[in-house]
Undergrad: 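Here it is, the structure, as structure tokens.
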Amino acid sequence: MSQATTARPILPRAFYERDTVTVARELLGQIVVHEPARGETTAGRIVEVEAYVTQYLGERDRAAHSDRGLTPRTRIIFGPGGHAYVYFVYGMHECLNVVAEPAGIPGCVLIRALQPVAGIEAMQRRRPGEKRLDRLCSGPGNLTRAMEITRRHYGADLTSGRLTIRAGPPAIETVTAAGRIGIRHGGEWPLRFYLTENVAVTRPLKFRRYEADLSP
DNA sequence: CAATAGATCATCT
DNA sequence: GATGATCTATTGC
């Protein structure tokens with residue numbers, strides 16, 4: 001086992017306070033760490049993200065929650081970068097976003113898939129029935145469940161505290177840019193980024209093709 | 001294998 | 001009152 005994930009350097013505020021697409025791309029390979037007050041620490045390497053911006057090539061990003069303006073739910077997206085925006089969808093799932101851009105400019109990055117790094121047994125307990133380790137944190141709703149990230153983390157400062165993002169080993173994989181998934185507008189824009197061959201990356205329903213599990 | 005239905009509720013109209 | 005940055009089980013071929 002190499003260096004403990006909790007010993008890795010935390011990404012500083014300046015990392016986040018840049019344009020959202022840059023932050024999205026550079027989040028690939030970094031490590032989300034959750035150290036709850038009690039219970040097992042879990043960590044996962046970011047392998048898939050989506051950027052939600054104010055404009056793309058001059059057009060409004062109508063899929064971005066911040067597009068409707070400042071509301072109680074979206075207020076954190078308008079604040080300084082490096083905070084967690086966690087929201088609840090479909091009466092069932094929590095999704096983790098990272099706020100980008102300096103205060104006053106809305107922008108955030110949806111974390112869509114992680115490669116489990118630590119606390120795998122805890123993740124398995126929270127995701128009963130999932131047999132493949134590489135799918136424990138595959139999908140925005142699945143990774144929050146596996147890592148026990150909830151709306152209680154809304155607004156959490158990711159540069160300190162129990163939920164942090166830390167520098168991962170330099171990613172050597174190639175990055176693919178593709179359309180975002182599950183939205184009505186702006187689905188053709190290449191604002192989804194993932195490590196090309198990574199098995200945890202999700203696919204649009206239409207193209208899902210799960211290979212057989214070859215692990216023992 | 002592919003397509004669809006149902007779960008279930010915060011948010012905004 | 002409708003909708004949604006989802007996921008899984010179930011149906012049908």
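Chain letters run A, B, ... following the sequence lines, proteins first, then strands; residues in each count from 1.
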Undergrad: Just how far, in rounded Å, is C1' of dT6(C) from NE2 of His65(A)?
TA: 12 Å
Undergrad: Could you check which residues of residues 47-62 of chain A get a heavy atom under 4.0 Å from DNA chain B? Sort them by number, please.
TA: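 Result for residues 47-62 of chain A: none.
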Undergrad: Output a table of donor-acceptor pairs, distance under 3.5 Å, between side-chain atoms of residues 103-120 of chain A and any protein atom two or more places apart or on a different chain; print 'none' if there are none.
TA:
from      : atom 1 : to        : atom 2 : distance (Å)
Arg112(A) : NE     : Glu48(A)  : OE2    : 3.0
Arg112(A) : NH2    : Thr202(A) : OG1    : 3.1
Gln115(A) : OE1    : Arg45(A)  : NH1    : 3.1
Gln115(A) : OE1    : Asn198(A) : ND2    : 3.0

Undergrad: Measuring from Arg126(A):CZ to Leu136(A):CG, what's the distance to the nearest 0.5 Å?
TA: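 So the CZ of Arg126(A) and the CG of Leu136(A) are separated by 11.0 Å.
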Undergrad: Among the clusters formed by ILVMFWY side chains lying less than 4.5 Å apart, do Tyr87(A) and Ile181(A) turn up in the same one?
TA: no
Undergrad: Is it true that the side chains of Ser66(A) and Thr74(A) contain a donor and an acceptor less than 3.5 Å apart?
TA: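 No, no side-chain donor-acceptor pair sits under 3.5 Å.
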Undergrad: Does Val201(A) form a side-chain contact (heavy atoms from CB on, under 4.5 Å) with Arg192(A)? I'd like the steps, not just the answer.
TA: CA-CA 11 Å; Val201(A) 169; Arg192(A) 171 168 168 258; 3.8 Å; yes
Undergrad: When the distance from NE2 of His185(A) to P of dA5(C) is rounded to whole Å, what number comes out?
TA: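 Result: 10 Å.
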Undergrad: Is the terminal nitrogen or CZ of Arg18(A) (NZ for Lys, CZ for Arg) located under 6.0 angstrom from the six-membered ring centre of Tyr16(A) and within 45° of that ring's axis?
TA: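 Relative to the ring axis of Tyr16(A), which defines the angle, Arg18(A) lies outside at least one limit.
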Undergrad: Atom CZ of residue position Arg127(A) - does it have more than 12 heavy atoms of other residues, nucleotides or ligands inside 6.0 Å?
TA: yes
Undergrad: So Glu94(A) and Ile149(A), side-chain contact (heavy atoms from CB on, under 4.5 Å) or not? Walk me through it.
TA: CA-CA 8 Å; Glu94(A) 323 251 3; Ile149(A) 293 168; over 6 Å; no
Undergrad: Distance under 6.0 Å and angle within 45° of the ring axis: does Arg180(A) meet both against Tyr52(A)?
TA: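 Yes, Arg180(A) lies over the aromatic ring of Tyr52(A).
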Undergrad: Test Asn97(A) against Val86(A) for side-chain contact (heavy atoms from CB on, under 4.5 Å), laying out the working first.
TA: CA-CA 6 Å; Asn97(A) 291 249; Val86(A) 183; over 6 Å; no
Undergrad: Would you say Ile77(A) and Ile165(A) are hydrophobically clustered, going by side-chain heavy atoms of ILVMFWY under 4.5 Å?
TA: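 Different clusters.
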Undergrad: Can you see if the side chain of Arg135(A) gets near the phosphate of dT8(C) - specifically, an N or O under 4.0 Å from OP1 or OP2?
TA: no
Undergrad: Rounded at 0.5 Å granularity, tell me how far OH in Tyr194(A) sits from CZ in Arg203(A).
TA: 4.5 Å
Undergrad: Within the 4.5 Å heavy-atom criterion, are Asp67(A) and Thr54(A) side-chain neighbours or not?
TA: no
Undergrad: Do Leu27(A) and Val98(A) pass the side-chain contact (heavy atoms from CB on, under 4.5 Å) test, and can you show the C-alpha distance, the side-chain angles, and the key distance before you say yes or no?
TA: CA-CA 9 Å; Leu27(A) 275 171; Val98(A) 171; 4.3 Å; yes
Undergrad: For DNA chain C, find the residues of residues 92-101 of chain A with a heavy-atom distance under 4.0 Å and give them by number; none if there aren't any.
TA: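 Within this stretch, His93(A), Asn97(A) sit under 4.0 Å of the strand.
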Undergrad: I need the CZ-C1' distance between Arg127(A) and dC7(C), as an integer number of Å.
TA: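 From Arg127(A) CZ to dC7(C) C1': 9 Å.
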Undergrad: Closer to the 5' end of DNA chain C via nearest nucleotide, is it Gly91(A) or Pro140(A)?
TA: Gly91(A)
Undergrad: Taking only heavy atoms on the protein side, list every residue of residues 108-115 of chain A lying under 4.0 Å from any atom of DNA chain C, sorted numerically.
TA: Cys108(A), Leu110(A), Arg112(A)
Undergrad: Can you list the stems that DNA chain C is part of, where a stem is at least 3 pairs in a row, each Watson-Crick or G-U, with both distances below 3.5 Å?
TA: B:1-7 with C:6-12, B:9-12 with C:1-4
Undergrad: Return the value, rounded to whole Å, for the distance between atom CZ of Arg132(A) and atom P of dT8(C).
TA: 13 Å
Undergrad: Whole-Å distance between dC7(C) C1' and Arg126(A) CZ?
TA: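 In whole Å, dC7(C) C1' and Arg126(A) CZ are 19 Å from each other.
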Undergrad: Does the side chain of Leu158(A) come within less than 4.5 Å of Leu163(A)'s, by heavy atoms?
TA: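 SC-SC contact between Leu163(A) and Leu158(A) confirmed.
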Undergrad: Taking only N/O atoms, report every protein-nucleotides 10-13 of chain B pair under 3.5 Å with atom names and distance.
TA:
from    : atom 1 : to       : atom 2 : distance (Å)
dC12(B) : OP1    : Thr71(A) : OG1    : 2.5

Undergrad: Is the backbone of Met147(A) close enough, under 3.5 Å, to the side chain of His34(A) for a donor and an acceptor to pair up by distance?
TA: yes
